[in-house]
Undergrad: 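Sharing a structure with you now.
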Protein chains: 2
Amino acid sequence: MVSKAFQPVPASEIPDEISGLRMTRQRQHIYRILLQHRDHPTANDVFMRIKDTLPNLSLATVYTCLDAMVKHGIIRQVNFDRGPSRFCPNLAEHGHFHDVTTGIIHDVKFKSGIHLEDVLDLPPGAIIKNVEFTLRGQLS
Amino acid sequence: MVSKAFQPVPASEIPDEISGLRMTRQRQHIYRILLQHRDHPTANDVFMRIKDTLPNLSLATVYTCLDAMVKHGIIRQVNFDRGPSRFCPNLAEHGHFHDVTTGIIHDVKFKSGIHLEDVLDLPPGAIIKNVEFTLRGQLS
DNA sequence: CTGATAACTGGAATAATTCTTGATATCGGC
DNA sequence: GCCGATATCAAGAATTATTCCAGTTATCAG
Ligand SMILES: [Mn+2]
Ligand SMILES: [Mn+2]
Ligand SMILES: [Zn+2]
Ligand SMILES: [Zn+2]
């Protein structure tokens, strides 16, 4: 069974509004890039991948479009140390495993039924809004 | 029982070498700041706290001293999103809970006996070198 | 069609951090 | 204690990712 992750996503399949955000031509192209090639690209990666199709697109627009989609919960922003932010269309709760040998970033989920709060010693009364985790290592 | 975390640490108690790194006067002062006030300060916070005692100290030196101590495993560098790096002398495996109401950052440990690898669906053959996690929320 | 509003562009500005270059300090051997 | 080698430090310039700004363009409501 072939993964759908890397199939081309025609513009027609991206609606002109998602979660209250108007999906302009620029946003549709950017979102399609994220869906087609789920390697957690930086804003600049997205810009380089898109500029053949939209030659007038500016990098500032890539930043503001990505930011708008993050704020509307359409995509997620992922940071590794001090490196440039990366972007991910996977909205399921997940973290990231960074293979330092290949540079590839893998999505990682909790085993089913497990929540991070259950395995941590939290300060009493803590209400968790958001969880992030990152692993670094290699595949043997 | 009173926590030892915020007791003053006299210069005499910091050895002149740790993990192979020569602890110069600047590094001792910086390290003492981190030990005395464990609130995960930024490089600039450290700089402001120290410049009365060492008026010639430059911010660049604070950065290089912190970096040297991180590379020698004496302290840890902690990043929250795109904010400035923060520094932590707690070497035990732990993550961070960021209280968005107060801005206070709390150290968080796993419940005893639990390892992140045990609760995650990792890619087969993954060898984990390093784990980081961050929670955001508030204390009710 | 028309004015209001949202989005976009390109270049300037910003903030954290790193780099560079020239002093200072420290070390081991004499 | 002096001396060259090496490590560290200071100050300012440079870098990088990102955001801001001001002017233009696109979209929407009536
Ligand atoms: Mn980026
Ligand atoms: Mn900092
Ligand atoms: Zn992801
Ligand atoms: Zn900590």
Side-chain angles (χ1 to χ4, degrees), chain A residues 11 14-33 40-72 74-88 105, chain B residues 11 14-33 40-72 74-88 105:
Chain A
I14 298 181
D16 54 4
E17 184 176 312
I18 304 181
S19 313
L21 181 69
R22 186 149 60 88
M23 292 300 281
T24 62
R25 193 156 51 101
Q26 289 85 344
R27 289 176 189 153
Q28 290 190 339
H29 278 263
I30 291 169
Y31 187 45
R32 191 161 346 102
I33 295 286
H40 301 85
T42 66
N44 194 57
D45 292 337
V46 171
F47 179 62
M48 291 189 304
R49 286 174 191 176
I50 214 168
K51 67 181 170 197
D52 288 331
T53 358
L54 288 183
N56 296 336
L57 182 71
S58 83
L59 179 57
T61 299
V62 175
Y63 273 102
T64 57
C65 288
L66 287 168
D67 188 56
M69 288 190 275
V70 168
K71 292 219 167 95
H72 285 256
I74 300 169
I75 62 173
R76 293 179 45 188
Q77 178 169 359
V78 178
N79 298 301
F80 295 94
D81 300 322
R82 302 241 93 237
S85 289
R86 296 170 173 278
F87 297 89
C88 174
I105 294 160
Chain B
I14 297 181
D16 54 2
E17 184 176 313
I18 303 181
S19 310
L21 181 68
R22 210 169 86 207
M23 292 301 280
T24 62
R25 194 156 51 101
Q26 290 85 343
R27 290 177 188 150
Q28 289 190 341
H29 278 263
I30 291 170
Y31 187 45
R32 190 159 347 100
I33 295 284
H40 301 85
T42 65
N44 194 57
D45 292 336
V46 171
F47 178 62
M48 291 188 304
R49 287 174 191 174
I50 214 169
K51 68 178 168 201
D52 288 330
T53 358
L54 288 183
N56 296 337
L57 183 71
S58 82
L59 179 56
T61 300
V62 174
Y63 274 103
T64 57
C65 288
L66 287 169
D67 188 56
M69 288 190 276
V70 168
K71 293 220 167 93
H72 285 257
I74 299 170
I75 63 174
R76 293 180 43 188
Q77 177 169 0
V78 178
N79 299 301
F80 294 95
D81 301 320
R82 303 240 91 237
S85 290
R86 296 170 173 278
F87 296 88
C88 174
I105 294 160

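In what follows, every chain begins at residue 1, and chains take the letters A, B, ... in the order their sequences are listed.
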Undergrad: Given dT17(C), dT18(D), dA11(D), which nucleotide is nearest the side-chain atoms of Tyr63(A)?
TA: dT18(D)
Undergrad: As a test of reading the structure: which of dC20(D), dT18(D), dC9(D) is closest to the side chain of Ser85(A), going by heavy atoms?
TA: dT18(D)
Undergrad: Measure from the side chain of Arg27(B), starting at C-beta and using heavy atoms only, and say which of dC19(C), dT17(C), dT8(D) lies closest.
TA: dT8(D)
Undergrad: Distance check needed: dT16(D) P versus Arg82(B) CZ, whole Å only.
TA: 14 Å
Undergrad: I'd like to know whether CZ of Arg25(B) has more than 12 heavy-atom contacts from other residues, nucleotides or ligands below 6.0 angstrom.
TA: no
Undergrad: Please report the distance, rounded to the nearest Å, between CE in Met23(B) and C1' in dA25(C).
TA: 16 Å
Undergrad: Within the side chain of Arg27(B), is there an N or O that forms a donor-acceptor pair under 3.5 Å with the backbone of Arg22(B)?
TA: yes
Undergrad: For the pair Arg49(A) (side chain) and Ile30(A) (backbone), establish whether a donor and an acceptor sit closer than 3.5 Å, ignoring hydrogens and angles.
TA: no
Undergrad: Assign each of Gln77(A) and Arg25(B) to its nearest nucleotide of DNA chain D by heavy atoms, then name whichever residue's nucleotide is nearer the 5' end.
TA: Arg25(B)
Undergrad: If only side-chain N and O atoms of Ser58(B) are considered, is one of them under 4.0 Å from the OP1 or OP2 phosphate oxygen of dC9(D)?
TA: no
Undergrad: Let me know the distance between CZ of Phe87(B) and P of dA16(C), rounded to the nearest Å.
TA: 13 Å
Undergrad: How many Å lie between CD on Glu17(A) and P on dA7(C), as a whole number?
TA: 10 Å
Undergrad: Is it true that a side-chain atom of Gln26(A) and a backbone atom of Leu57(A) form a donor plus acceptor pair closer than 3.5 Å?
TA: no
Undergrad: Using the closest heavy atom to pick a nucleotide of DNA chain C for each, name whichever of Asn79(B) or Cys65(A) lands nearer the 5' end.
TA: Cys65(A)
Undergrad: Report the nucleotide, chosen from dA11(D), dT18(D), dT8(D), that has the shortest atom-to-atom distance to any side-chain atom of Leu21(B).
TA: dT8(D)
Undergrad: How many whole angstroms separate atom CD1 of Ile50(A) from atom P of dC8(C)?
TA: 11 Å
Undergrad: Round to a whole Å and report the spacing from NE2 of His29(A) to P of dA7(C).
TA: 17 Å
Undergrad: Where the side chain of Leu59(B) is concerned, which of dT17(C), dC27(C), dA10(D) is the nearest nucleotide?
TA: dT17(C)
Undergrad: Once you round to the nearest 0.5 Å, how far does OH of Tyr31(B) lie from CG of Leu66(B)?
TA: 12.0 Å
Undergrad: Can you see whether Asp67(B) engages Thr64(B) through a side-chain donor-acceptor pair at a distance of less than 3.5 angstrom?
TA: no
Undergrad: Does Gln26(A) have a side-chain nitrogen or oxygen under 4.0 Å from the phosphate oxygens OP1 or OP2 of dT9(C)?
TA: yes
Undergrad: If you assign each of Arg22(A) and Arg22(B) to its closest nucleotide in DNA chain C, which residue comes earlier from the 5' end?
TA: Arg22(A)
Undergrad: Looking only at side-chain N and O atoms, does Gln77(A) offer a donor or acceptor that is under 3.5 Å from a partner on Ser85(A)?
TA: yes
Undergrad: Considering every strand and a 4.0 Å limit on heavy-atom distances, what is the contact class for Thr24(A): base, sugar-phosphate, or nothing?
TA: sugar-phosphate
Undergrad: Roughly how many Å is it from CD1 in Ile30(A) to C1' in dA7(C), rounded to a whole number?
TA: 12 Å
Undergrad: For the helix from dC1(C)-dG30(D) to dC30(C)-dG1(D), what angle lies between the axis at the first five pairs and the axis at the last five pairs, to 10 degrees?
TA: 30°
Undergrad: Rounded to whole angstroms, how far apart are NZ on Lys51(B) and P on dA11(D)?
TA: 12 Å
Undergrad: Please work out if Asp67(B) contacts a base, only the sugar-phosphate, or nothing of the nucleic acid, heavy-atom cut-off 4.0 Å.
TA: nothing
Undergrad: So, do His72(A) and Ile18(A) sit near enough that their side-chain heavy atoms are less than 4.5 Å apart?
TA: no
